[in-house]
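Letters A, B, ... are given to chains in the order of the sequence lines, protein chains preceding strands, and every chain is numbered from 1.
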Amino acid sequence: MKRIFNIFFRRNAVRSVSTTIEMVRILNVAEKNDAAKSIADVMSRGHYRKREGFSKFNKIYEFESSILDHQNCTMTFTSVSGHLLALEFPIQYRKWMSCSPVELFNVPVEKYCPKDYEDIKRTLENEIRGCQKLVIWTDCDREGENIGFEVIQVCRAVKPNIQVYRARFSEITPHAIANAARNLVRPDQLVSDAVDVRIELDLRIGAAFTRFQTLRLKKVFPEALAEQLISYGSCQFPTLGFVVERYKQVQAFVPEPFWKLKVTHLCDDVKAEFVWKRNRLFNHLACFVLYHHCIENPVATVVDVNSKSKNKWRPVALDTVEMEKLVSRKLHINAKETMRVAEKLYTQGFISYPRTETNIFPKDLDLVPLVTEQARDPNWGEFAQQVLQQGPHPRNGNKTDNAHPPIHPLKYTNQLQGNEQRIYEFIVRHFLACCSQDAQGHETVVEIDVAAERMVAGETSPPSLLTEADLIALMEKHGIGTDATHAEHIETIKSRMYVGLRPDGRFVPGHLGMGLVEGYDQMGYEMSKPHLRAELEADLKAISEGRKQKNDVLVQQVQKYKDVFIEACRQALKLDEALSQYLGQAQTYTPHPAPTASVVKPCPHCGHNLTLRTKKNGKGYYIGCSNYPECRHALWLPDFVLEADVDSEICPTCQPGPVHLLRFRFRPGSVPPTIPNNFTGCVGGCDEMLSETLGITRSLGTYNRVAGNTNNSVHRGTGCGTGTPNARSLSTIPNPTVFATSQTPPADRNNQRARGNPAGRIPLGLMDANAQNRERGQQGSAARSTMAPDSTIVCSCGHNARLFTVRKEGPNTGRQFYGCGMPQKVCTFFLWADEQETGRQGHAGSNIAQLNNVPPTSMQAGEEVQCNCGLAARRLTVQKDGPNKGKEFYGCSKPRAEGCGFFQWACNVQDNRFTGSSSFPGQGRGPGTGGLTGQKRKLSSTSEATPAARRPRRCGLCGVEGSRCRSFKADMTMLSHV
DNA sequence: GCAAGGTC
């Protein structure tokens with residue numbers, strides 16, 4: 001007993017003493033083992049102790065140091081390997097047939113530690129137990145911040161109150177590390193939030209579309225795609241889009257002949273070729289006249305000689321993207337292989353870290369020993385000596401990732417083989433050139449007056465198909481992927497058979513890639529365009545800067561893509577049709593019922609479903625008909641609705657049902673005090689307070705927004721009972737479409753214009769059919785303003801209209817009309833004042849035609865022809881001599897420079913009035929005129945496809961049907977048979 | 001079996 005007591009006492013004594021001298025222990029976690037080791041090495045001046053953790057790749061480095069307020073503390077340095085946690089669906093949703101893909105937009109997701117990283121997690125959990133503080137040393141970028149929070153999450157699960165700090169450093173040098181240690185900050189939650197949003201969206205969108213595409217198309221094209229994974233990703237699809245777009249540009253290019261004068265002069269075996277100041281002429285006769293003028297006066301007079309030295313700049317320090325591009329161009333090694341080799345060279349210690357966005361050498365990086373290392377090489381050693389003599393003067397760029405230096409050689413070797421040797425040599429030569437001086441040259445420009453030798457003909461040539469270097473440059477320009485992932489995305493679209501590589505190293509789209517892009521284009525969704533990703537990136541930046549809330553962006557983006565997904569399912573036949581032009585006959589496929597996730601209630605106009613959707617710009621909501629574009633019924637919710645979702649509960653009052661309740665989150669202060677900011681209510685009309693707040697009146701079985709509550713083009717009904725709950729039934733309305741509204745918000749249309757055409761007008765034929773419909777619908781809705789019952793005229797944008805008088809000389813001089821009441825004329829509303837008295841509906845199109853002194857058409861209301869602007873077309877008569885002189889036709893009512901170029905023979909109106917077809921002669925917009933327009937139309941319509949186009953194509957070399965020939969399939973016939 | 005982003 002005594003012995004036991006003594007032992008206990010001694011232990012307590014030891015413990016008591018140790019508490020007085022025990023040093024504070026701090027856990028430091030870097031993003032990778034290499035960084036942990038380097039930082040520990042710098043901070044300990046090489047005196048660190050190394051021990052094993054649970055992960056064999058992530059060691060533990062310990063040393064004593066002073067940091068924070070501790071003069072002497074034990075620093076425990078370890079690392080993760082990139083992201084420690086991953087996001088996934090719960091196990092019950094991971095099997096592809098476990099749920100409808102649309103559910104993946106809403107099912108919960110969970111973070112978990114993948115099996116490969118459990119050892120790292122155990123190390124953290126074990127080490128944090130003995131530490132009092134945690135310092136995050138992950139890379140100082142967005143992903144690094146998020147990885148830091150993953151470390152924090154794991155450590156706090158063990159030690160909830162652990163104090164956490166963040167070290168910010170731009171490079172692993174004594175100065176930078178000491179500075180970071182002296183100026184520890186708190187981790188940035190906002191930056192990490194932005195990454196959480198990216199991760200979740202990538203998962204939901206990628207998984208939903210990939211399952212949808214793959215499951216559908218393998219059934220529709222069982223021979224060609226049975227085993228094919230048809231993935232969708234926010235980076236891989238834009239990458240595919242670049243290839244397709246360039247291919248189409250090449251296909252659509254029409255060469256144009258030109259002529260130029262070529263003058264050469266041979267002197268002492270040196271041939272000088274002179275450049276014509278006119279460069280080239282597209283008019284043969286004009287060029288020929290000049291040519292004759294020259295040969296009649298064949299003596300050249302030297303009028304000026306200008307001689308000067310000229311420099312060629314040495315290359316900029318090498319970053320990852322530049323290395324990928326240059327190696328692809330110079331050595332014909334693709335980016336994926338380049339990075340694989342570079343990583344190997346890095347781990348062997350031959351080169352610096354190859355994944356870097358930095359092209360500026362740090363000032364405290366001593367380049368002399370690095371150049372000296374290379375002086376012993378028999379090929380470039382002499383050049384290295386010259387660099388040393390002149391002193392290394394690197395040419396720096398202007399980018400830094402605040403983490404790694406430019407790629408450069410660390411030590412000399414002549415033992416490498418194959419691509420390792422070639423890429424190592426490239427990095428060395430680039431580094432030496434970067435550190436050398438600019439190339440010196442001399443240029444003499446001789447200007448001569450006139451002399452001619454011969455006239456050369458040529459023709460304009462199309463742009464080249466994209467090389468891998470071009471593709472990487474485009475991805476970089478548009479923010480698709482990161483420097484670390486460009487090569488992977490390119491590899492993905494190759495492995496998915498979306499694109500192929502020609503023997504000359506240029507990319508061509510494959511049939512699958514082409515069909516997918518065209519199919520989505522024809523639905524009206526630009527899934528393969530880079531701006532979707534760019535918009536997300538802008539939102540992520542806003543989150544990280546505190547301008548947007550994480551949850552707001554997440555909800556809006558998920559809803560936006562979910563809406564697109566639902567529409568894509570509904571219009572999936574367009575995908576089948578687009579692909580059938582390349583893959584042969586589509587099999588009939590009956591999918592599961594189309595997703596109905598966001599259904600609010602039946603549409604009072606057409607009986608289809610009204611669904612809750614996010615506006616295309618991602619800001620705000622509307623309730624639109626699933627039968628769009630046939631039915632354009634829509635209700636736009638005000639901007640102060642920050643979130644909206646469909647509840648499963650059904651309103652017991654509103655009919656026809658079922659009418660689902662909606663869950664709202666309102667902007668604080670924007671709704672009456674009786675309505676909470678988070679509120680679940682019915683928009684079917686039974687809740688008068690909510691209806692009034694949202695600007696909804698129940699009229700004629702449909703919804704209309706009360707004027708003044710919105711900037712969108714939705715208006716009160718006609719004088720026959722707006723706002724009265726028991727108004728006439730729909731069947732009594734003479735022209736029901738007068739209430740229909742476009743589903744494309746004006747802001748989105750403007751964006752579309754700004755993106756597509758600086759002039760603000762989308763060229764007909766280059767825009768897909770759905771987009772044209774939207775364009776017309778939007779314009780059309782603007783034209784369909786009606787009078788309020790109290791005789792106050794409400795214009796298209798919802799404001800009170802203003803009375804004007806026609807000043808222009810003409811038949812309407814002095815006549816009064818209503819126009820937009822806003823000073824800046826935000827809408828195109830127009831209504832003659834004298835027509836208002838008769839109760840006739842205002843119609844901007846027909847009245848604008850009158851404003852332009854165009855005689856009113858003799859057609860009855862509702863029978864007018866609309867042009868592609870959505871306005872009433874002008875009825876005109878051919879004046880030009882010819883077989884059609886005197887024949888009547890319809891054209892755009894706007895001045896020609898501003899108009900849409902619409903053309904329709906009057907005698908064909910009955911057949912074509914609603915097709916929106918346009919074939920204005922001489923404008924190259926009609927079918928068969930060649931170029932992109934003609935081709936796109938041919939591709940977009942199976943009804944126009946010739947039998948030959950529908951037949952399965954055969955491999956040109958082996959004769960086997962395309963879908964059965966592996967080479968044919970791989971190369972999609974646009975490649976050579978290999 | 002899906003994404004994209006880290007990393008080994």
Notebook entry, point to check: Reckon A:Ser81 has a side-chain N or O less than 4.0 Å from the OP1 or OP2 of B:dC8?
Noted result: no
Next item on the list: May I ask you to say what A:Lys344 touches in the nucleic acid, namely base, sugar-phosphate or nothing, with a heavy-atom cut-off under 4.0 Å?
Entry: nothing
Note to self: Between A:Phe63 and A:Tyr48, is the ring centroid distance below 6.0 Å?
What the structure shows: no
Next item on the list: Using heavy atoms to find the nearest nucleotide of DNA chain B for A:Phe237 and A:Asp34 separately, return the residue whose nucleotide is more 5′.
Entry: A:Phe237
Check: Atom CD of A:Gln213 and atom C1' of B:dA3: how far apart are they, to the nearest Å?
Finding: 12 Å
Item checked: NZ/NE/NH1/NH2 to OD/OE distance under 4.0 Å, A:Asp576 and A:Arg216 -> yes
Notebook entry, point to check: With a 4.0 Å cut-off on heavy atoms, is A:Gly144 in touch with a base, just the backbone sugar-phosphate, or nothing at all?
Noted result: nothing
Check: Which heavy atom of A:Ala194 sits nearest a heavy atom of A:Ile543, and at what distance?
Finding: N-CG2, 3.8 Å
Check: Rounded to whole angstrom units, what separation is found between the CD atom of A:Gln228 and the C1' atom of B:dC2?
Finding: 14 Å
Checklist line | Touch class at under 4.0 angstrom, heavy-atom based, for A:Ala484 against every strand present | finding: sugar-phosphate
Next item on the list: Consider the side chain of A:His83, meaning its heavy atoms from C-beta on, and name the nucleotide among B:dA4, B:dG6, B:dC2 that approaches it most closely.
Entry: B:dG6
Checklist line | Between A:Glu145 and A:Ser192: side-chain donor-acceptor atoms closer than 3.5 Å | finding: no
Item checked: A:Arg246 charged N/C atom sitting above A:Phe507 aromatic ring, 6.0 Å / 45° -> no
Notebook entry, point to check: Roughly, in whole Å, what's the span from CD in A:Glu31 to C1' in B:dG6?
Noted result: 6 Å
Item checked: Nearest-angstrom distance from the residue atom CD of A:Glu88 to P of B:dC2 -> 11 Å
Margin query: Students often get this wrong, so: under 4.0 angstrom with heavy atoms, is A:Ile205 touching a base, only sugar-phosphate, or nothing?
Written below: nothing
Checklist line | Pairing of A:Glu545 and A:Lys541 as salt bridge, 4.0 angstrom limit | finding: yes
Next item on the list: Could you tell me whether A:Leu229 contacts a base, only the sugar-phosphate backbone, or nothing, with contacts defined as non-hydrogen atoms closer than 4.0 Å?
Entry: sugar-phosphate
Item checked: Atom pair distance, as rounded to whole Å: OH in A:Tyr353 and C1' in B:dC8 -> 10 Å
Item checked: Whole angstrom value for the distance that separates P of B:dG5 from CD1 of A:Ile480 -> 9 Å
Note to self: Below the 4.0 Å mark, does B:dA3 have OP1 or OP2 next to a side-chain nitrogen or oxygen of A:His489?
What the structure shows: no
Checklist line | Euclidean distance, atom CG of residue A:Leu532 to atom C1' of B:dA4 [Å, nearest integer] | finding: 16 Å
Check: Which of these nucleotides, B:dG1, B:dC2, B:dC8, is closest to any side-chain atom of A:Leu215?
Finding: B:dG1
Notebook entry, point to check: Does the side chain of A:Thr482 get closer than 4.0 angstrom to OP1 or OP2 of B:dG6 through an N or O atom?
Noted result: yes
Check: Just to confirm, is there a sub-4.0 Å distance from OP1 or OP2 of B:dG6 to any side-chain nitrogen or oxygen of A:Arg198?
Finding: no
Margin query: Let's see if you can work this out: which of B:dG5, B:dA4, B:dC2 has an atom nearest to the side-chain heavy atoms of A:Arg211?
Written below: B:dC2
Notebook entry, point to check: So what does A:Leu85 hit on the nucleic acid, given a heavy-atom distance under 4.0 Å: a base, only sugar-phosphate, or nothing?
Noted result: nothing
Item checked: Nearest-angstrom distance from the residue atom CE of A:Met97 to C1' of B:dC2 -> 14 Å
Item checked: A:Tyr232 ring over B:dA3 six-membered base ring, under 5.5 Å and 30° -> no
Margin query: Quick check on B:dA3: is either OP1 or OP2 less than 4.0 Å from any side-chain nitrogen or oxygen of A:Ser231?
Written below: yes
Next item on the list: Would you tell me if any nitrogen or oxygen in the side chain of A:Arg496 comes within less than 4.0 Å of OP1 or OP2 on B:dA3?
Entry: yes
Item checked: Sugar-phosphate only, base, or nothing, as touched by A:Phe209 at under 4.0 Å among non-hydrogen atoms -> nothing
Next item on the list: Could you check whether A:Ser234 gets within reach of a base, just the sugar-phosphate, or nothing at all, counting any heavy atom under 4.0 Å?
Entry: sugar-phosphate
Item checked: For A:His83, ring-ring contact (aromatic ring centres under 6.0 Å, His included) partners two or more places apart -> none
